Amino acid sequence: MLILMKPSPTPEAVALVCRAVRELGLVPHPIPGVTRVAIGVTGNTGPVDETPIRGLPEVVDVIRVTKPYKLTSREMKPDDTVVVVGGVRIGEQRPVVVAGPCSVETREQTVETAKRVKAGGAQLLRGGAFKPRTSPYAFQGLGEKGLEILAEARDITGLPLVTEVIGVEVFEAVEAVTDILQIGARNMQNYPLLRRAGKSRKPVLLKRGQSATLEEFLLAAEYLLSEGNPNVILCERGIRTFSDHSRYTLDINIVPELKSLTHLPVLVDPSHASGKREMVVPLARAAFAAGADGVIVEVHPYPDKALSDGRQSLNLQLFADMMRGLERFVPNVEPEPALVA
Ligand code: PEP
Ligand code: MN
């Protein structure tokens, strides 16, 4: 349910509505907006008698939200959500590029990558300290040591960090260091983790589960918003299909669909989607063309020596080339030098 208030309502009128909602055993979520102020209501499992609310001062209308996801829907909040992290604005006009290694392996590898992706025009640094690996025998990440290295790379470059939190056990450690908490594809339906991240003051990058429908994806995001965290960024990272020529299939269709159904920013991860370095650049371009708010790509100084996901990692030169090719979409990138005949 959505309660529409008259433009610029008084704080008293909003407080009165919130109290009336709580008295019905429901939860009010005031949603300030450019075009209107509304109060989203969640917690109703059946029909609600809205008559007492309709009669309150400055209430213009009470609307039923038809989608199963509520706070994430554009029905509730028509204006785009812009997530601001260390001066970087995600979800507004010019798209962002997040880049860095799959895993933090050494200080040198991480710091060198961070410096180079920054020089190329990336606005955020990615890197895994705690890694969710398919095989228990694969490199599991440096853990807390990896977080320390990431923090140092941020200090040197000024790039805000995105790193994954793989479970509630390591939540505080990751939250203390990172600027954006990543919840990975394998954890998209880890509800205790989603609830914990929903209580955090740090923004969350939520990756789509490899077999999640759009509705499941948005309901996972709904956990975060319903716990009070409005700063959620969605990320399409490829889904399982019968196609066996790449690691996953980038569901580019979901980008415009998400942009129309939700106000949250949408990123695309062409690295995990394809599993192949040579596909990353064309897929990144496709993401921008489809209206994504940015891309997140894996970069390694020596991809052949990487401890995880080397096959899909761009080397430093390829990253610089990619950024020059994206200069139409992304700020801070020098235009490609004109070809001389
Ligand atoms: C990652 O980004 O490092 C990662 C593990 O991605 P995903 O959760 O999409 O597999
Ligand atoms: Mn990876």
Side-chain angles (χ1 to χ4, degrees), residues 96-105 109-110 113-114 117 122 124-136 138-143 146-147 149-150 153 161-167 170 174 178-190 193-194 197 203-212 216-217 220-221 224 232-241 246-252 254-255 266-277 279-280 283-284 287 292 294-315 319:
V96 298
V97 173
V98 187
C102 176
S103 301
V104 174
E105 298 167 6
Q109 165 248 12
T110 304
T113 308
V117 299
L124 294 119
L125 176 67
R126 63 147 289 146
F130 293 93
K131 294 301 301 177
R133 302 306 302 282
T134 304
S135 164
F139 176 59
Q140 304 285 309
L142 297 183
L147 294 176
I149 294 173
L150 283 169
L161 296 177
V162 182
T163 195
E164 180 162 354
V165 53
I166 56 170
V170 295
V174 176
T178 197
D179 299 291
I180 299 181
L181 295 153
Q182 176 172 320
I183 295 188
R186 293 159 183 81
N187 268 319
M188 191 206 81
Q189 288 178 314
N190 179 339
L193 181 62
L194 293 171
V204 178
L205 174 73
L206 177 66
K207 299 189 90 175
R208 180 185 181 187
Q210 61 182 16
S211 62
E216 288 163 344
F217 191 17
L224 299 163
V232 175
I233 305 152
L234 302 172
C235 180
E236 158 62 27
R237 46 76 74 207
I239 51 171
R240 267 276 153 78
T241 67
S246 55
R247 190 175 177 188
Y248 296 95
T249 299
L250 179 61
D251 181 12
I252 201 78
I254 205 169
V255 175
V266 178
L267 299 191
V268 166
D269 175 347
S271 307
H272 290 89
S274 65
K276 291 181 181 173
R277 173 178 319 125
M279 292 177 74
V280 169
L283 293 183
V295 293
I296 175 166
V297 295
E298 290 187 337
V299 181
H300 194 287
Y302 308 102
D304 295 343
K305 297 208 167 73
L307 297 182
S308 62
D309 288 350
R311 179 68 187 86
Q312 69 197 33
S313 298
L314 299 173
N315 63 29
F319 177 76

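Please read these numbers as outputs of a predicted model, since none were measured by experiment. Indexing begins at 1, ligand by ligand and atom by atom, following the structure's order.
Each of the following atoms of ligand 1 lies closer than 4.0 Å to a heavy atom of G184: 8 (O). Set against the non-hydrogen atoms of R126, the atoms of ligand 1 under 4.0 Å away are 1 (C), 2 (O), 3 (O). In the vicinity of R237, heavy-atom distances shorter than 4.0 Å reach the ligand 1 atoms 7 (P), 9 (O), 10 (O).
The shortest distance between side-chain heavy atoms of L194 and L206 falls below 4.5 Å. In this structure, T163 and F130 have side chains that are not in contact, with every pair of non-hydrogen atoms separated by 4.5 Å or more. Counting heavy atoms from C-beta outward, V268 and L283 have side chains that stay 4.5 Å or more apart. For the pair V117 and V297, the minimum side-chain heavy-atom distance is 4.5 Å or more. Between R186 and Q210, every side-chain heavy-atom pair lies at or beyond the 4.5 Å cut-off. In this structure, the side chains of Y248 and D269 stay at 4.5 Å or more apart for every pair of heavy atoms.
Taking 4.0 Å as the cut-off between side-chain N and carboxylate O, E298 and R126 count as a salt-bridged pair. Taking 4.0 Å as the cut-off between side-chain N and carboxylate O, R247 and D309 count as a salt-bridged pair.
Of the protein's non-hydrogen atoms, A185 N, 2.8 Å is the one closest to atom 8 (O) of ligand 1. If you check which protein heavy atom lies closest to atom 4 (C) of ligand 1, you get H272 NE2, 3.5 Å. Distance from atom 5 (C) of ligand 1 to its nearest protein heavy atom, with residue and atom name: E164 OE1, 3.7 Å. When only non-hydrogen protein atoms are considered, atom 6 (O) of ligand 1 lies nearest to K207 NZ, 3.0 Å.
Taking any N or O of C102, backbone or side chain, none lies under 3.5 Å from an N or O belonging to ligand 1. Residue-to-ligand polar distances place R186 within reach of ligand 1: an N/O pair is separated by less than 3.5 Å. Remark: ligand 1 and K131 share an N or O pair separated by less than 3.5 Å (distance only, no angle test).
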request  = Would you sort out whether C102 and K131 count as a side-chain contact (heavy atoms from CB on, under 4.5 Å), showing the intermediate values?
outcome  = CA-CA 9 Å; C102 176; K131 294 301 301 177; 3.4 Å; yes
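Between the side chain of R277 and the backbone N or O of S313 there is at least one donor-acceptor pair closer than 3.5 Å.
For the Mn ion (ligand 2), the tally of protein N/O/S atoms lying closer than 2.8 Å stands at 4.
With sequence neighbours left out, R208 forms a side chain to side chain donor-acceptor pair (under 3.5 Å) with E236, D251.
At a 4.0 Å cut-off, at least one heavy atom of Q182 sits close enough to ligand 1 to count as contact.
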